[in-house]
Amino acid sequence: MLRTIKRILLLVGLVAALALGVHLYAGWRVRTALIGAGMSDRVATCMSKRLVKRLGLLQLIKLQNLEGDKKTLGAWVRAVKSVNDSEVVLVAASSAALCKTGLAR
């Protein structure tokens, strides 16, 4: 009985660690991509936190597939519109506006 409880606790711990790891990795990838697209470190950090918190993994993968340089937030939002996912566009545009103005951190 004790052995079964230990195995269940170990399994729960591994699942929790995996979920946290995926979340942290996604945030790092989004932040790195935004900085690579020409955004400032402050804005990229803010936006990556908001995007990872509000979007699902498949939606983040759609954003990963965006190509080309986006030197301004406007150019980045226009590129996001090509994803054809209204939730992604809404979250990206609101995050860009809030982070750029400093209303979100």
Side-chain angles (χ1 to χ4, degrees):
M1 179 71 171
L2 188 58
R3 183 176 286 178
T4 303
I5 292 173
K6 285 182 181 179
R7 287 183 181 171
I8 290 172
L9 289 175
L10 179 64
L11 182 62
V12 168
L14 288 174
V15 169
L18 180 63
L20 179 63
V22 167
H23 183 76
L24 291 173
Y25 179 70
W28 175 76
R29 290 284 310 259
V30 170
R31 181 179 174 277
T32 303
L34 292 173
I35 290 172
M39 291 188 196
S40 71
D41 188 50
R42 181 188 63 81
V43 174
T45 300
C46 173
M47 285 184 65
S48 66
K49 288 178 186 176
R50 292 180 55 84
L51 292 171
V52 169
K53 184 186 288 186
R54 290 167 175 78
L55 298 177
L57 188 59
L58 293 176
Q59 292 171 318
L60 291 171
I61 290 171
K62 288 180 185 179
L63 286 177
Q64 179 183 347
N65 294 330
L66 295 177
E67 296 179 1
D69 287 338
K70 291 114 188 128
K71 296 295 182 190
T72 66
L73 286 175
W76 190 80
V77 170
R78 283 190 296 278
V80 169
K81 287 181 181 179
S82 69
V83 171
N84 292 327
D85 185 332
S86 60
E87 184 180 11
V88 172
V89 173
L90 178 66
V91 171
S94 65
S95 295
L98 291 171
C99 292
K100 182 67 176 179
T101 59
L103 294 174
R105 293 187 186 262

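Atoms considered below: every heavy atom in the structure, side chains included; atoms not considered: hydrogens, waters and symmetry mates.
- Using a distance-only test at 3.5 Å, with no hydrogens or angles considered, no donor-acceptor pair links the side chain of Arg50 to the main chain of Ala92.
- For residues 25-55, the ring-ring contact (aromatic ring centres under 6.0 Å, His included) pairs, not counting sequence neighbours, are Tyr25-Trp28.
- When the side-chain hydrogen bond (donor to acceptor under 3.5 Å, both in side chains) test is applied to Lys81, no partner is found at least two apart in sequence or on another chain.
- In this view, Arg78 satisfies the side-chain hydrogen bond (donor to acceptor under 3.5 Å, both in side chains) rule with no residue, not counting sequence neighbours.
- At least one side-chain heavy atom of Val80 sits under 4.5 Å from a side-chain heavy atom of Val88.
- Here Met47 contributes atom CE and Ser94 contributes atom OG; the two are 8.5 Å apart, rounded to the nearest 0.5 Å.
- Judged purely by atom type and a 3.5 angstrom limit, Thr32 has no side-chain atom pairing as donor or acceptor with the backbone of Arg29.
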Please list, one pair per line, the donor and acceptor atoms closer than 3.5 Å that link side chains of residues 53-61 to other protein atoms, with sequence neighbours excluded.
residue	atom	partner	partner atom	Å
Gln59	OE1	Gly56	N	2.9
Gln59	NE2	Asp85	OD2	3.3
Gln59	NE2	Glu87	OE1	3.0

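- Annotation for Lys49: atom NZ does not count as buried by contact number, only 12 or fewer foreign heavy atoms lying within 6.0 Å.
- A pairwise comparison of heavy atoms in Ala44 and Ile35 identifies CB-CG1, 3.5 Å as the closest pair.
- For the residue pair Cys46 and Ala104, the shortest heavy atom distance occurs at SG-O, 3.4 Å.
- Among all heavy-atom pairs drawn from Ser48 and Gly27, the shortest one is CB-O, 3.8 Å.
- Residue Leu90 belongs to no hydrophobic cluster, having no ILVMFWY side-chain heavy atom closer than 4.5 Å to its own.
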Going by atom type alone, with no hydrogens or angles, which donor-acceptor pairs under 3.5 Å involve a side-chain atom of residues 2-17 and a protein atom two or more places apart or on another chain?
none

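- Nearest heavy-atom pair across Leu51 and Ser95 is CD2-OG, 4.4 Å.
- Cluster membership check: Val83 shares its hydrophobic cluster with Val91, using side-chain heavy-atom separations under 4.5 Å among Ile, Leu, Val, Met, Phe, Trp and Tyr.
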